2 protein chains.
Amino acid sequence: MIHRNRSSTIADVARLAGVSIATVSRVIKDAISELKFVPRAAARTLASRRTNTIGLIFSEIGGAFFPLLLKGIEAETRSAGYELLIHSTQAAHAQKRRPLGEHNTDGLLVFTSSLEIEELCRLSQINFPLVLMHQTPPDEMNTPVITIENKDGAEMLVSHLIEKHARRRIVYMQGPEGHEDSQWRERGYREALESHGISFDPGLVVSGEFDEEQAFASMRQLLLDGIEFDAVFSGDDDAAIGVYRALKMANRSIPDDVAVVGFDDVQFSRYISPALTTIRAPIEEVGREAVRQLIHLLNGEQAQSLTLMRTELVIRESCGCSPKEVNP
Amino acid sequence: MIHRNRSSTIADVARLAGVSIATVSRVIKDAISELKFVPRAAARTLASRRTNTIGLIFSEIGGAFFPLLLKGIEAETRSAGYELLIHSTQAAHAQKRRPLGEHNTDGLLVFTSSLEIEELCRLSQINFPLVLMHQTPPDEMNTPVITIENKDGAEMLVSHLIEKHARRRIVYMQGPEGHEDSQWRERGYREALESHGISFDPGLVVSGEFDEEQAFASMRQLLLDGIEFDAVFSGDDDAAIGVYRALKMANRSIPDDVAVVGFDDVQFSRYISPALTTIRAPIEEVGREAVRQLIHLLNGEQAQSLTLMRTELVIRESCGCSPKEVNP
DNA sequence: GTATACTATGTAAACGCTTTCTGATAACGC
DNA sequence: GCGTTATCAGAAAGCGTTTACATAGTATAC
């Protein structure tokens, strides 16, 4: 704020109104618009010990997933009267930068594993308000978590492939190592197989990293290796794009030769060809709910320790269902 | 030679301990990390009169456009050592909320018309560092602007439709009223027509609002009205989706009956069917550059008053070119 | 060996607001 | 009428840093 030239302070307002500074601080009603007075956030923060700001820590802003989450978070944060400071821990995890924390926010929203576990513990220990999204905290930490029904969703999806489309050799394209969403989805996948009497084949689990390119590469390899399969459960929709590309390149028809399903239902999923059958995750709502829980914490109220959002099967064409059954 | 027993400097300690000064210095650092000391941002801000924070004002976080822009902005902001405070002026424009400004940021990035013109002027008058994206400032304001070659892009696109695919009745689906990108694109559209001896028909300009639904509705109407056309230049890629839907519903083949082209080249553009021919706008780079210019301003240096980013024609299938010519 | 320039260190004054405290005045009960 | 309590301004004490200033100590030059 170097460039402010003689902008009015609370003292100016007090003088104009003929009252004390304290009065102005209390009764910030009149005289303010007169001088276009805007309280200096830093001074306020320093005195009141509240930043009035919520921090969001995220890993990758790129994907199709992020805008949905952010939209929910932004809207809810705003309507609660808070500011939003965002921080992405892209690539250089080792960056020296001081992360968001007690010094500049009232509370933190943390997505997946975008924050080192030790920093998480530190914040938790000093009782700093924290809400996790799509990540279970270590046992000793009692931090609210918002996540989605990954297992149920995956199970629905895979069961659909088995029951409606008679698929038996279903590839699971998993996400990044240790990614919780991916682990739960795999569990759902396995349970669906099991409950339909299909034995689990580790050779059908490949790495997709929730990333188009990686998914493409893994799919190519699978095809080159001559592994047989009649369906692919792509860990998320982004990876499904890579799967599509690899299959088309190999002249395998989707869904006739290989049925493909995704997870998340991001914007493009309905537009790709064939339209992707997937699981709709209430991503925006996850964001909103996370903020709500954090606000509870900020107000000293109790927060719900686990919020599990329902997921929903969205049937389109890539599983083998016909376009007619599809609603746009 | 220590005359008195006082005055132990870091060098004395070092000498006495038989280690280097650097070692002693490191000990101090250790003490800091030992106490997990993190300077309070507010106090720092108050004393130094710098927030070390850049503000971003945006209107709609939803679209496919936003993540790209944000990614560039976030990365560059971070690498310059600043924090990022984001604020969206969605829907309720009249919200009482105090916007980002002198009180909590060092400078502001403003996208399109997401900030009222009078607030813009106010900030400009108090010499507050400001950078505009995709929006020309009022004359008296000397604020740096980053924008893209909208006109050139549009002209390339339309010329391609005319020259390569012999289209003559080309619909322009414009963006929101007063949206600068849209205005320039229309100008490019008109110039392309003119330079090919095609007269401009106002009846072929319809409203798409850069929005899928609105584009869908306008397209339906056009079809119902029986207006003849053999191509559609959709103001942006989001709207192109709506155009696709309306045309498919009316059983018009893309690109045989109607060629469709978009603008922006967002993530899904290459995946929809047929793959969308469009203009690649360096959105992420716009974000980066905007931050760079703002940093210049913050450092008291001169900033470039206008940065015009080149756009590039991306030919896919929706214009009528064959898939073979396409690179993935 | 002294004068001078320079550096490191300590001290104290902002920074602009919130909040607690204090005294004065008003309202109230008996 | 007096004493007690509620009400309300104004005064003043922070809030946790930076920074300007003063001071002491050290190196450099003659």
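Within every chain, numbering begins at 1; the chains are lettered A, B, ... in the order of the sequence lines, protein sequences first and strands thereafter. Quantities reported herein were computed from a predicted structural model and do not represent experimental measurements.
With His179(B) as the fixed residue, the ring pair (Phe, Tyr, Trp, His ring centres under 6.0 Å) test singles out one of Trp184(B), Phe111(B), Phe210(B): Phe210(B).
Between the side chain of Thr112(A) and the backbone N or O of Ser114(A), no donor-acceptor pair lies under 3.5 Å. In this structure, the side chain of Ser124(B) does not engage the main chain of Leu120(B) through any donor-acceptor pair within 3.5 Å. Arg78(B) contributes a side-chain N or O that, together with a main-chain N or O of Tyr82(B), makes up a donor-acceptor pair within less than 3.5 Å.
Here the P atom of nucleotide dC17(C) and the CZ atom of Arg50(A) are 17 Å apart, to the nearest Å. Taking atom CG of Asn52(B) as the reference point, atom C1' of dC15(C) lies 17 Å away to the nearest angstrom. Distance, Arg40(A) CZ to dG16(D) P: 21 Å, rounded to whole Å. Rounded to a whole Å, the CG atom of Leu46(B) is 8 Å from the C1' atom of dT17(D).
Within the 4.5 Å cutoff, no side-chain heavy atoms of Leu306(A) are placed close to those of Pro144(A). By the 4.5 Å heavy-atom criterion applied to side chains, Asp181(B) and Asp236(B) are not counted as neighbours.
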Filtered N/O pairs between nucleotides 18-20 of chain D and protein, under 3.5 Å:
{"from": "dT18(D)", "atom 1": "OP1", "to": "Arg44(B)", "atom 2": "NE", "distance (Å)": "2.7"}
{"from": "dT18(D)", "atom 1": "OP1", "to": "Arg44(B)", "atom 2": "NH2", "distance (Å)": "3.3"}

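For dG16(D), the OP1/OP2 oxygens have a side-chain nitrogen or oxygen of Arg49(A) closer than 4.0 Å.
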